[in-house]
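Below, each value reflects all heavy atoms present in this structure, side chains not excepted, and no hydrogens, waters or symmetry copies.
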Amino acid sequence: MGQLSKKNDVLLQIEKLRKEMNDRYKAQETITPELLQLSVELDHLLNELHLHP
């Protein structure tokens with residue numbers, strides 16, 4: 001049960017980061033260091049999901 005809960009937490013974080021990235025990109029229409037950092041965090045979370053199914 002703990003694994004499923006952790007996976008759901010990660011999925012929620014991913015969804016939140018995706019929304020934040022989209023909102024920032026719409027507002028700025030340019031790749032900023034902050035946007036790049038969000039993208040890196042998103043990749044990290046996705047990798048975490050795939051490494052621990």
Contacts of type side-chain hydrogen bond (donor to acceptor under 3.5 Å, both in side chains), residue R24, not counting sequence neighbours | E20
Can you sort out the partners of K26 under side-chain hydrogen bond (donor to acceptor under 3.5 Å, both in side chains), two or more places apart, ordered by chain and number?
-> none
So how far is it from N47 CG to H44 NE2, rounded to the nearest 0.5 Å?
-> 8.0 Å
Can you name the residues that form a side-chain hydrogen bond (donor to acceptor under 3.5 Å, both in side chains) with Q13, not counting sequence neighbours?
-> none
Nearest heavy-atom neighbours spanning M21 and L35 | O-CD1, 3.6 Å
Atom pair CG/NZ of L11 and K6 - distance to nearest 0.5 Å = 11.0 Å
Nearest 0.5 Å please: distance from the NZ atom of K19 over to the CG atom of L38.
-> 12.5 Å
Side chains of R18 and I14: closer than 4.5 Å at any heavy-atom pair?
-> yes
How many angstroms lie between CG in L12 and CG in L17, if you round to the nearest 0.5 Å?
-> 11.0 Å
